[in-house]
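Atoms within a ligand are numbered from 1 in the order they appear, just like the ligands themselves.
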Amino acid sequence: MTTTEHKPHTSPEIGGLGHSRTRVEDARFIEGRGNYVDDITLPGMLHMAIHRSPLAHARIISIDTSAAEAVDGVVAVVTGELLDGYNLAWMPTLSGDTQAVLAMDKVRFQGQEIAAVIATDRYVAQDAARLVEVEYEDLEPIVNPQRALEEDAPLIRDDKEDQTSNLCFEWESGDKAVTDAAFAKADKVVSLETHYPRSHPAPLETCGILADVDSATGQATLYMTSQAPHAHRTVFALVAGLPEQNIRIISPDLGGGFGNKVPVYPGYVVATAASLVIGQPVKWVETRSENLISTGFARDYYMKGELAITNDGKILGLRVDMLADEGAFFADAQPSKLRAGLFHIVTGSYDYPAAHVTTRGAYTNKAPGGVAYRCSFRVTEASYLIERLVQNAAYELEMDPAEFRSNNFIQADQFPYHSPTGFVYDSGDYETAMRLAMDMVGYADIQAEKDQARKEGRLVGIGMASFTEVVGAGHGEDYDIIGLKMFDSAELRVHPTGKAILKLGVKSQGQGHETTFAQIVAEELGIPAGDVKVVEGDTDNTPYGLGTYASRSTPVAGAATAIISRTLREKAKKIAAHLLEASVEDLEWETGKFFVAGDPESSVSIQDIAFAAYTNPPPDIEPGLEGVHYYDPPEMTYPFGTYIVVVDVDPESGEWKVRRMVAVDDCGVKINPMIVEGQIQGGLTEGFAISSMQQITFDETGNNLGSNFTDYLVPTAWETPRFELGETVTPSPHHPIGAKGVGESATVGSPAAYVNAVVDAVQHLGVENIEMPMTAGRVWDAMQEASGG
Ligand code: CDP
């Protein structure tokens, strides 16, 4: 059921679901008391800097470290050869590929790690790193996947025994024969060929590590910028051969992650190895440019889509062929059965029986990545393609794009909906969300104004995207990262005084987990949220989990939290029966207390029960009130929404300005509406940036042209439009608290709405597509080309 109103069940003092509780973590951030990796110092700490390749593709003839070693204050210079002695020159990636830790044979992208200088001072390390001399033999750099797959293209991954071409993976989904048959019946076929450009998550805090390996005990304590500390610990155990119980990863406060802090980077491994060998702590923190040129990028998908439609506006089928630029190493952290992530959600919010998706990934001479940057695995690209195609189909039929969507939406009574590429959508009401957005923006008025404006020589456009995202991976049977099933966990301990500590396998990067997960406990147990401390990001002190990315915290760890709270409530009921001298069957629950049915005066609070759990437990029940739950989701959750953008385009310059941006989101039951709004505002800002200003591009030699914040633009409040937010609430039926994830939807849905709006403004000139980022120059060029000017 969809409502636009959601009332909390608990009082503000308890602060359960639906309360806009103030973020508890902000007190320390506002007071400058955040604790980031670079804030941590240890006695005897050394610093590491990395010498990186200036070339995109070259054979290494020799590496001379003597000048760097001679610098006063340099303790050691580490090369791949040295690491090879410890079997550490190569490491596995989270996508099951291998990646050079320090390059020995070839460099495969500009910025690749070749040598690391360890010194007593950070600046000495950086100066000395520049003195490492490498002799190269140039090789042809491959800067796009099309060239990579040509027969005469040089082989990038000649390190891999069975690799005979630059093909990184091939994957397909859906039914080809059924889709071909659907296309044979179509009145029209609408097609679109487009590129979702490479962008970068650019978290404000770059990546880093402080590795402290104690040579006496063999204990490795790694303070690390990690979105997935448990998975990273397992990778470290496998890579370095260290016993897993001796590795403790502490991921302290993170200054943003956005997928960028999921991959294991060579710098982490080298710093750990250096600390192990030297016997002192070693810190490495990237510079901004190092982050932008060498760490996990996002997107870079070349997509061809075809939609089979009838003259009366029905979709019959979808065909997609996609080519991914994966860079030199396949290091995305996609679920291992799904080489293009969840891209096959490309069928979108629409009901049709046939879809066939073919995907190929190619190695190129670029940094690896393809991370889940404010989206579930590759869902942004998918959502962009289908929403652009749907808009173009409506133009083709001279139909209103909203009517075309309406005609094809999966209806509210069709859920759970089985998509032609194998997803089971949990719930949705797409029509209501779209109509709400249309009402908010005044859709009919703007359509009317648009026609009038055109007569006056003004260009006004209205664009829409009605996206469906898929979040909360797994279930473990189908979703794993290098074999690790995609579950997550929560451990809850209620202390004798009724205060609690909740320990999670996920790891916040700014999403407000310390605030919201306490609210779930408050809802389920009636312990005030302020009495629940949330702990994350310490592998010695939290249960195993796969981490926070792809909007999985609420759907998976949130569910684990609700279930362990319920388990403790069941135990609390038995203790309450003992205290009230009543039978368990006669007890009823009301937030925070059990009472005897029909006798509300005979009650006992959760706090009294907690005390009794340690001081006066029933004889047949083990003492204490704590437990852990590992949640393997039965299905994923499917947040959705409709975004509408109104733009004014300057016919003289191509400059476009956002006049209105209305965003209606549905993430099911909200834990904290204020935090949800913050997540959406953040995602919308990133979506705006991607569509208007952000792109990491390369010249023909493989030189990265987006290596700093003057070339790669991060939006400020100045250029970011005002967003008008609306909501519907369609709970997820299989989720313990009815919540769907929300962390990423805004970035998933909004870029298509911006491009659709600008294309709409200039579409009557014959413009069918404008590539992102839509700079004024690109829009102007597209108008000129279409009008033959
Ligand atoms: O995995 P990640 O934390 O990035 O994403 P998420 O759990 O989908 O949503 C981000 C944050 O929004 C959560 O950590 C919660 O703080 C909040 N949220 C909420 O309050 N209610 C929801 N239904 C979904 C998310």
Side-chain angles (χ1 to χ4, degrees), residues 6 8 15-26 201 203 227-228 251 254 256-262 333 371-377 379 426-427 469-474 486 488 490 502 504-523 529 532 534 536-537 545-562 631 633 636-641 665-683 686 725 727-732 735-748:
H6 181 59
L17 303 184
H19 288 288
S20 287
R21 177 173 184 240
T22 311
R23 285 167 44 106
V24 292
E25 41 274 90
D26 286 353
Q227 292 180 229
S251 183
L254 294 182
F258 314 115
N260 186 243
K261 290 171 182 165
V262 175
V371 298
Y373 167 34
R374 288 302 294 252
C375 77
S376 195
F377 311 97
V379 174
D426 56 352
S427 63
E469 209 193 346
V470 49
V471 301
M486 297 196 77
D488 234 290
L502 175 70
L504 301 169
V506 290
K507 172 63 194 140
S508 182
Q509 308 121 48
Q511 295 94 327
H513 290 182
E514 288 168 54
T515 309
T516 46
F517 283 84
Q519 291 183 251
I520 301 174
V521 176
E523 178 80 13
V532 183
V534 177
E536 297 182 337
L546 267 282
T548 292
Y549 41 88
S551 221
R552 57 188 303 280
S553 300
T554 296
V556 192
T561 302
Y631 183 76
M636 289 180 284
T637 67
Y638 296 74
F640 61 93
D665 274 275
D666 192 319
C667 63
V669 173
K670 292 179 186 180
I671 305 164
N672 183 319
M674 178 193 67
I675 289 185
V676 168
E677 183 181 333
Q679 290 289 306
I680 293 168
Q681 294 272 2
E686 288 174 301
L725 306 190
E727 60 161 355
T728 58
V729 179
T730 312
S732 175
H735 193 268
I737 57 169
K740 303 177 182 218
V742 72
E744 341 283 8
S745 306
T747 326
V748 168

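Those atoms of ligand 1 with a heavy atom of Val676 less than 4.0 angstrom away are 18 (N), 19 (C), 20 (O), 21 (N). Per-residue contacts place Gly741 under 4.0 angstrom from the following atoms of ligand 1 (heavy atoms of the residue considered): 8 (O). Every atom of ligand 1 with a heavy atom of Ala739 under 4.0 Å away is listed here by number and element: 23 (N). The atoms of ligand 1 that sit less than 4.0 Å from any heavy atom of Lys740 are 22 (C), 23 (N), 24 (C). Those atoms of ligand 1 that come under 4.0 Å of a heavy atom in Lys670, given as number and element, are 21 (N), 23 (N). Of all atoms in ligand 1, listed by their number and element, those nearer than 4.0 Å to a heavy atom of Val669 are 22 (C), 23 (N). Heavy-atom proximity to Gly743, at under 4.0 Å, picks out these atoms of ligand 1: 5 (O), 6 (P), 8 (O), 9 (O), 10 (C).
A donor atom on one side chain and an acceptor atom on the other are found under 3.5 Å apart for Asp666 and Thr728. Between the side chains of His19 and Gln519, no donor-acceptor pair is found at a separation under 3.5 Å. Side-chain contact of Asp426 with Ser732: a donor-acceptor pair under 3.5 Å is present, judged by distance alone.
Contact check on Glu727 versus Lys670 returns a salt bridge, with a Lys/Arg side-chain nitrogen under 4.0 Å from an Asp/Glu carboxylate oxygen. Using a 4.0 Å cut-off between a side-chain N of Lys or Arg and a carboxylate O of Asp or Glu, Arg552 and Asp488 qualify as a salt bridge.
Atom OG of Ser551 is separated from atom CE of Met636 by 12.0 Å, given to the nearest 0.5 angstrom.
Protein heavy atom in closest approach to atom 2 (P) of ligand 1: Ser553 OG, 3.5 Å.
Of all the heavy atoms of His513, the ones lying under 4.0 Å from any atom of ligand 1 belong exclusively to the side chain. If you look at Gln679 next to ligand 1, the close heavy atoms, those under 4.0 Å, all belong to the side chain. With a 4.0 Å heavy-atom cut-off, ligand 1 is reached by the backbone of Val742 and by its side chain too. At a heavy-atom distance under 4.0 Å, no atom of Thr515 approaches ligand 1. With a heavy-atom cut-off of 4.0 Å, Thr554 touches ligand 1 through backbone and side chain alike. Only the side chain of Ile675 comes within 4.0 Å of ligand 1, counting heavy atoms alone; its backbone N, CA, C and O stay farther away.
The shortest side-chain heavy-atom distance between Val471 and Ser376 falls under the 4.5 Å cut-off.
Side chain of Gln227 to main chain of Gly259: a donor-acceptor pair is present (N/O by atom type, distance under 3.5 Å, no hydrogens or angles). Here the side chain of Gln509 pairs a donor or acceptor atom with the backbone of Thr548 at under 3.5 angstrom.
Between Phe640 and Ser427, the closest heavy-atom pair is CE2-O, 4.1 Å.
Heavy-atom distances between Cys667 and ligand 1 reach below 4.0 Å in at least one pair.
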